[in-house]
Amino acid sequence: MKTNLILKNVDFSWPNQEKIIRNCTFEINEPGLFMIVGRNGCGKSTLFKLIQRIINPTFGSIYGPDDVFTVFQNPDHQILMPTCGSEMILNIRETFDKKRMQQRVDDVLNLVGLNGFILRPVQTLSGGQKQKLAIASALISNSNFVLMDEPTALLDEKSQMEIIKLVQSITTSAKRPITVLWITHRMEELNYAHKIGIMEKGYLSEWVSPSNFKYH
């Protein structure tokens with residue numbers, strides 16, 4: 001499934017304040033792991049809000065999928081149900097009979113490394129496992145465009161790498177690759193991206209490969 005996100009000359013500012021997003025123009029038209037890096041206050045989180053349609057641009061146009069799913073920095077801010085299975089069912093957008101629904105939940109939990117977790121209480125999960133559950137929720141929703149806002153910021157190094165490699169694998173899946181747009185502050189994560197953009201003072205650079213990336 002082809003995904004297109006297009007921003008054309010997008011500006012954003014709050015009333016009577018300086019622009020937060022300045023002439024932002026870019027396109028993502030293929031599956032992959034796209035990472036945006038930038039200092040605090042450069043406009044990354046505002047850009048995500050624009051893509052999610054939480055706020056509207058002051059100027060310019062945004063064209064994109066309607067089924068955007070967001071994975072937050074802290075999974076506790078988005079997980080609502082008491083068990084892994086019930087959280088998954090909450091995010092299913094299709095109609096299944098009970099047997100097929102349970103099979104679908106099992107399959108997606110297995111895909112993210114949460115084998116046999118369907119009845120597992122969410123409160124017993126580690127931070128890394130909760131983030132895997134959030135990613136599983138995105139997958140079971142059938143969204144093909146996922147925003148990830150520093151999804152490893154609260155994780156230890158081992159869990160951080162598990163999440164990065166998991167996301168990289170689902171963006172290159174032969175069966176159903178998806179597109180992930182990921183905000184990060186961690187330079188070491190950029191090596192796993194397919195394309196990288198630098199955000200500075202509301203401007204987003206052209207996409208470059210990790211081998212051509214330079215950050216000052």
Between [X] and [Y], is there a donor-acceptor pair closer than 3.5 Å when you use the side chain of the first and the backbone of the second?
X      : Y      : result
Asn212 : Val208 : no
Arg22  : Glu200 : no
His194 : Gly32  : no
Arg176 : Ala174 : no
Asp149 : Gln73  : no

Any side-chain heavy-atom pair of Tyr192 and Leu190 under 4.5 Å: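 Not touching, per the 4.5 Å side-chain cut-off.
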
Validation row: Met148, Val167 side chains within 4.5 angstrom (heavy atoms): yes

Pairing of Glu150 and Arg186 as salt bridge, 4.0 angstrom limit: no

Residues Asp76 and Lys130 bridged, charged N to O under 4.0 Å: yes

From Asp156 atom CG to Met161 atom CE, the distance as rounded to the nearest 0.5 Å: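 So the gap between those two atoms works out to 12.0 Å.
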
Enclosure of Glu206 CD (heavy-atom neighbours >12, cutoff 6.0 Å): no

Name each donor-acceptor pair under 3.5 Å that joins a side chain in residues 84-92 to protein atoms two or more places apart or in another chain, with its distance.
residue: Ser86; atom: OG; partner: Thr83; partner atom: N; Å: 3.2
residue: Ser86; atom: OG; partner: Thr83; partner atom: O; Å: 3.0
residue: Ser86; atom: OG; partner: Thr83; partner atom: OG1; Å: 2.8
residue: Glu87; atom: OE1; partner: Leu80; partner atom: N; Å: 2.9
residue: Glu87; atom: OE1; partner: Met81; partner atom: N; Å: 2.9
residue: Asn91; atom: ND2; partner: Glu87; partner atom: O; Å: 2.9
residue: Asn91; atom: ND2; partner: Ser137; partner atom: OG; Å: 3.4

Check whether the side chains of [X] and [Y] place a donor and an acceptor atom closer than 3.5 Å, and report yes or no.
X      : Y      : value
Ser143 : Ser141 : no
Glu189 : Thr152 : yes
Asn4   : Asn29  : no

Arg120 to Phe117, cation-pi by 6.0 Å centre distance and 45° axis angle: yes

Closest contact, heavy atoms only, Leu47 versus Ile21: N-CD1, 4.0 Å

Output field: ring centroids Phe34/Trp182 closer than 6.0 Å: no

